[in-house]
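See structure below.
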Amino acid sequence: MAVKLSGEELEFGALYGRRLAENLPRVRERIAEAAVKAGRAPASVRLVAVTKGHPVEAVRAALRAGLEDLGENRVEELEEKAAALGHEAVCWHMIGHLQRRWVPRALEVAQLVHSVDTLRLAERISRVAGESGTQARILAQVNTSGEGSKSGLDPEEALEQVGRMAELPNLKVEGLMTMAPLVDDEAVLSAAFRRLRATLERIKSGTALVGSELSMGMTNDLEIAVREGSTMVRIGTALFGERLR
Ligand SMILES: *Cc1c(COP(=O)(O)O)cnc(C)c1O
């Protein structure tokens with residue numbers, strides 16, 4: 001069946017296709033180089049392409065370019081894009097702050113929720129997953145920068161809180177996520193990422209129920225994150241350009 005595309009869709013499709021042809025090899029190269037420098041296998045770092053703020057044509061272009069892990073930070077935008085794509089094989093990541101009332105809708109689409117920042121939210125996710133007979137996969141978000149504007153568990157409290165999250169039924173804590181402070185100072189960024197890794201190590205020494213994923217690193221700090229042990233980088237701007245909204 002021929003699908004009729006509007007002029008704008010064709011234009012966006014071509015634009016994002018060109019951008020990715022140029023940007024994706026660069027991003028993969030940045031990841032690989034940082035991994036090799038740190039004595040790690042490039043394949044040990046998963047690339048989550050953050051499509052928020054870009055139209056659905058960007059998502060289609062990403063899939064055509066071979067990207068499989070896509071991230072959104074708002075439930076409505078996540079639903080909108082997932083609906084437009086239909087049943088194409090995508091692993092959706094919910095990376096933004098999630099309110100408890102949005103949990104059922106988020107879990108309909110997202111296969112991994114990176115941003116579980118309170119025990120109450122984890123409890124809600126556990127309950128909703130249980131109601132649909134599924135197991136939710138989550139990461140616990142930790143505030144490693146001490147910035148009041150950032151959500152996330154306090155690193156000191158994470159030990160106990162994440163331990164309790166991991167005990168909940170219908171939910172698997174696969175690791176931790178953090179957002180670094182918005183600064184250029186490499187020492188500050190390194191310290192934040194190192195704090196996340198150290199927090200995970202402490203948690204894992206107390207429970208076997210928590211996985212080893214470290215979701216950290218964005219466009220401006222991915223090399224530092226990979227050096228400090230990131231297993232998942234969340235990249236938007238370096239792949240798709242400046243966001244449109
Ligand atoms: C927007 C966003 C990203 C991607 O940021 P870029 O700087 O564009 O790579 C990563 N993680 C989260 C949680 C985001 O909201």
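Note that these values count all heavy atoms, side chains included, but never hydrogens, waters or copies made by symmetry. As the structure lists them, so they are numbered: ligands from 1, and atoms in each ligand from 1.
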Problem - Non-neighbouring partners of H54 that pass ring-ring contact (aromatic ring centres under 6.0 Å, His included), sequence neighbours left out - result: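 If we apply the ring-ring contact (aromatic ring centres under 6.0 Å, His included) test to H54, skipping adjacent residues, the hits are Y16, F240.
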Contact table ligand 1 N or O to protein N or O, d under 3.5 Å:
from     : atom 1 : to   : atom 2 : distance (Å)
ligand 1 : 8 (O)  : T237 : N      : 2.8
ligand 1 : 8 (O)  : T237 : OG1    : 2.6
ligand 1 : 8 (O)  : R243 : NH1    : 2.8
ligand 1 : 8 (O)  : R243 : NH2    : 3.3
ligand 1 : 9 (O)  : T219 : N      : 3.0
ligand 1 : 9 (O)  : T219 : OG1    : 2.5
ligand 1 : 9 (O)  : G236 : N      : 2.8
ligand 1 : 11 (N) : R234 : NE     : 2.8
ligand 1 : 15 (O) : K52  : NZ     : 2.6

Handout entry: Which atom of A106 lies closest to which atom of L78, heavy atoms considered
Key =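 Result for this residue pair: O-CD2, 4.4 Å.
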Side-chain donor-acceptor distances from residues 158-169 under 3.5 Å, at least two apart:
from : atom 1 : to   : atom 2 : distance (Å)
E160 : OE2    : R164 : NH1    : 3.0

Handout entry: Partners meeting side-chain contact (heavy atoms from CB on, under 4.5 Å) with N143 (sequence neighbours left out)
Key =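 In terms of side-chain contact (heavy atoms from CB on, under 4.5 Å), with neighbours along the sequence ignored, N143 is linked to S145, K150.
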Exercise for the section: Using a strict 4.0 Å threshold on nitrogen-to-oxygen distance, state whether R227 and E186 make a salt bridge. Expected result: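 So R227 pairs with E186 through a salt bridge.
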Practice task
Give a yes or no answer on whether the side chain of K204 reaches the backbone of V210 with a donor-acceptor pair at less than 3.5 Å.
Solution key: yes
